[in-house]
Amino acid sequence: MILEEVRRIEADGTERTTSVRIGSDMSPNVDGRGLLVLPGLIDLHAHLREPGYEESETVATGARAALRGGFTTVCAMANTMPAIDSPGLVAELAARGRDARAARVLPVAAITRGREGKQLADLVELAAAGAVAFSDDGDPVDDARLFRSALEYAHAARRPVMEHVQDRALSGRGVMHEGAVSAALGLPGIPAAAEESAVARDIAIAKLTGARLHLQHVSTAGALELVRHAKADGISVTCEVTPHHLALTDEWVGGSRAFVWEPMRGASPPQTPQKVEDDPQTPRGVPYDSATKVNPPLRTAADVRALWRGLADGTVDAIATDHAPHASFRKDVEYAEAAFGISGIETALAVLLMAVDAGMGELGAVVRALTSGPARVLDMRGPDDLIVVDPALEWTVTAGALASKGKNTPLLGRRLRGKVIAAVVEGEVRYRDETAMQGRAGPPGRIKGAEAIARR
Amino acid sequence: MTWSRRHVLATDDWSRDEIELVLQQSEAMLEVLARPMRRTPALRGRTVVLFFAEASTRTRISFELAAKALSADTSIITASGSSIEKGETLFDTVRTLEALGADIVVMRHGAAGAPYFVAERVSSAVINAGDGWHAHPTQGLLDALTLRTSLGALEGKRIVIVGDVLHSRVARSDIHTLVPLGARITLSGPATLMPSAWRCGQLPAGVAFEEDVDRALDGADAVIALRLQRERMDAGLLPSLREYALTWGLSEVRVARMRPGAPVLHPGPMNEGIEIEAAVAHGPRSLIERQVTNGVAVRMALLHLLSTTPGAPAARGGGEADRREGKEVAA
């Protein structure tokens with residue numbers, strides 16, 4: 001199939017209009033006008049839950065969900081049961097990924113044995129078995145001395161350490177961002193300082209060791225500022241932000257369902273938090289919806305804007321989904337009891353495209369942060385995968401529309417604009433939205449070359 | 001003003017008119033309670049389930065008396081008496097409540113937001129009798145009723161709330177009830193027990209923060225002392241109870257800084273000698289016993305109003321006759 005006149009955006013963010021061959025089949029050409037062709041997206045951070053939590057996700061369902069979201073490569077986090085802390089488990093995870101024949105699955109191994117934060121895992125051996133990075137994600141390595149050793153060994157293994165940055169003494173029993181909204185809702189807060197003090201510690205240790213440190217899901221303006229300074233000082237630090245931290249705020253815990261750019265479109269943002277119900281345009285949900293519970297928590301609008309600035313100036317290296325699917329029984333409970341996490345790998349790209357449409361950032365910067373940026377964090381060459389996106393296609397987020405087993409997203413019921421309609425991995429079309437593709441087949445003659453192919 | 005709410009979860013989105021309506025109805029209920037035969041048939045044949053997943057004696061008995069005074073049938077689910085302690089989830093309880101076919105569920109729960117969870121999933125009307133640190137709407141309303149009886153209209157009145165505001169659903173509901181009635185609130189207490197946003201200037205409308213309780217009390221129209229939970233000390237939020245009593249406790253000398261005769265309230269149960277001196281708690285300014293009586297009246301008013309909500313399950317079977325009867329009671 002050949003797509004005529006598509007906008008093709010490269011991993012460096014540049015774009016041109018061209019024809020692109022998708023796969024090797026002889027199906028009629030498609031009018032590509034209005035479509036985007038992007039390099040396959042790379043997700044540095046996803047939870048595929050296998051082994052141990054198969055009721056929430058499996059490697060196969062997660063890899064298929066990833067592909068539908070445009071991610072042809074996903075890094076699978078190690079917080080499974082058992083944790084991915086031995087070469088055998090790394091190899092098994094990679095094999096299950098290959099068997100799924102969906103997105104490419106790259107195993108991330110645990111930093112410490114059993115992710116207990118007590119004793120280092122055999123990092124060099126894990127890297128040899130195929131681990132692309134190390135992370136105890138879900139938990140930080142609390143012990144600074146152990147974290148130093150981890151960076152030293154990861155350096156020897158030539159892999160980055162991906163750290164979940166959180167000072168657990170400060171975050172305590174918090175369940176949402178500590179601020180005006182947590183004060184009103186009476187929920188224990190996680191202060192921005194819990195992230196910022198951990199980022200400061202980790203940067204200091206990265207400087208000490210010279211190893212590659214990657215900070216996961218950075219969510220506050222202050223944390224990003226620390227990363228900016230560290231980069232300016234030449235410290236080997238990279239960071240990622242998530243789509244939900246680029247679009248949602250802590251107001252969502254109180255029931256707002258307006259993307260950060262929606263209430264203030266064309267206007268300067270209010271200095272003090274306004275009651276959301278004052279704006280009749282603002283969609284409302286139910287307060288205390290556990291689908292909004294995520295760690296790090298949804299922050300303030302000021303933090304969201306700071307993340308977009310970081311994306312524009314290169315402080316942010318990657319957008320990673322932190323896809324965290326959960327079986328309903330882990331979420332259908334009181335807010336304080338619910339598991340942390342948003343199932344986000346299938347909605348990420350649409351949300352980001354809508355943000356770009358709303359003027360939050362440049363498409364080129366977003367594409368870089370989803371392709372060449374994460375490739376650089378992993379020190380790998382970007383694969384030749386391609387995805388085709390219809391940026392105008394609207395769809396509603398429903399449990400049924402998601403391939404992931406995790407339906408835990410606060411976007412349920414929302415209409416999104418932008419959908420992946422095909423994904424090519426390793427030269428093979430592994431995902432194709434047939435209805436969307438057929439809808440693109442215009443009247444005969446309008447599609448160049450269609451007749452010639454039909455006669456064969 | 002007509003009543004249209006299906007649930008009473010928090011008063012943070014209530015209009016002044018709605019609050020006024022409940023206070024008026026509560027005053028009518030006070031008259032019922034003053035009768036020798038403290039009972040009306042307004043909720044005859046209806047079932048009120050009291051679901052208390054957190055220990056409470058005062059609030060539970062207050063609701064029980066209110067429901068009985070309206071002739072409702074009541075049943076009680078408590079943490080110790082049910083399977084909640086054996087690992088039953090809130091969702092399981094919701095299914096039970098739904099199967100029981102309760103008209104009104106009154107619930108107390110340790111988790112903020114739990115009543116929203118239940119209200120989403122049952123067809124009964126839900127009254128929040130306290131959820132975590134979030135809200136205790138009947139306490140806010142009964143405090144408003146108590147203050148209004150003592151001070152008259154609350155417009156322009158300055159009311160001080162002293163103590164552990166961070167962990168206090170009472171403080172939040174007092175703010176959400178008193179501010180729409182025109183009162184201004186001054187919060188005072190240790191910074192460790194104050195929401196950080198409120199301490200740092202991001203305060204709700206009509207609310208101020210003054211760390212120094214003496215300055216907060218100067219010229220105030222009333223004070224509400226909050227209960228201090230002893231476990232706050234273990235969490236490192238307080239050096240000692242003695243330090244708290246000396247710095248923020250309501251002593252006779254302190255309350256005298258308010259306007260002459262300015263009343264003292266406390267949601268109970270009190271730690272006498274810690275957040276409030278015995279002489280203040282039982283002195284001439286104290287409205288603490290009055291709060292208890294008003295609590296029953298406010299809860300009667302809400303139970304009754306919820307049975308009049310058009311289309312609400314609590315109103316089912318309640319025909320025009322019942323509603324007329326109900327109105328008569330409240331008139």
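Keep in mind that the numbers below use all heavy atoms, side chains included, and drop hydrogens, waters and symmetry copies. Every chain is numbered from 1, with letters handed out A, B, ... down the list of sequences.
The CG atom of B/Leu90 sits 9.5 Å away from atom CD of A/Glu337, with the distance rounded to the nearest 0.5 Å. Here the CZ atom belonging to B/Phe91 is positioned 8.0 Å from the OG atom belonging to A/Ser328, to the nearest 0.5 angstrom. Taking NE2 of B/His134 as the reference point, atom CG of A/Leu187 lies at 8.0 Å (rounded to 0.5 Å). From A/Asp289, atom CG reaches atom CZ of B/Phe117 across 10.5 Å, with rounding to the nearest 0.5 Å. Note: A/Tyr335 OH to B/Asp131 CG = 14.5 Å, rounded to the nearest 0.5 Å.
Considering only residues two or more places apart in sequence or on other chains, B/Ala183 meets the side-chain contact (heavy atoms from CB on, under 4.5 Å) condition with B/Leu154, B/Ile159, B/Leu178.
In terms of heavy-atom pairs under 4.5 Å with chain B, the best-connected choice from A/Gly179, A/Ala184, A/Ala336 is A/Ala184.
When all heavy atoms of B/Tyr116 and A/Pro287 are compared, the pair lying nearest together is CE2-CG, 3.5 Å. A pairwise comparison of heavy atoms in A/Gly186 and B/Ala112 identifies O-CB, 3.6 Å as the closest pair.
For chain A, the nearby part of B/Arg121 is the side chain; its heavy atoms alone come within less than 4.5 Å. For chain A, no part of B/His167 is nearby; none of its heavy atoms comes within less than 4.5 Å. If you measure heavy-atom distances from A/Pro191 to chain B, you find no contacts under 4.5 Å at all.
Remark: side-chain polar atoms of B/Arg172 are paired, donor with acceptor, to backbone N or O of A/Ala183 under 3.5 angstrom.
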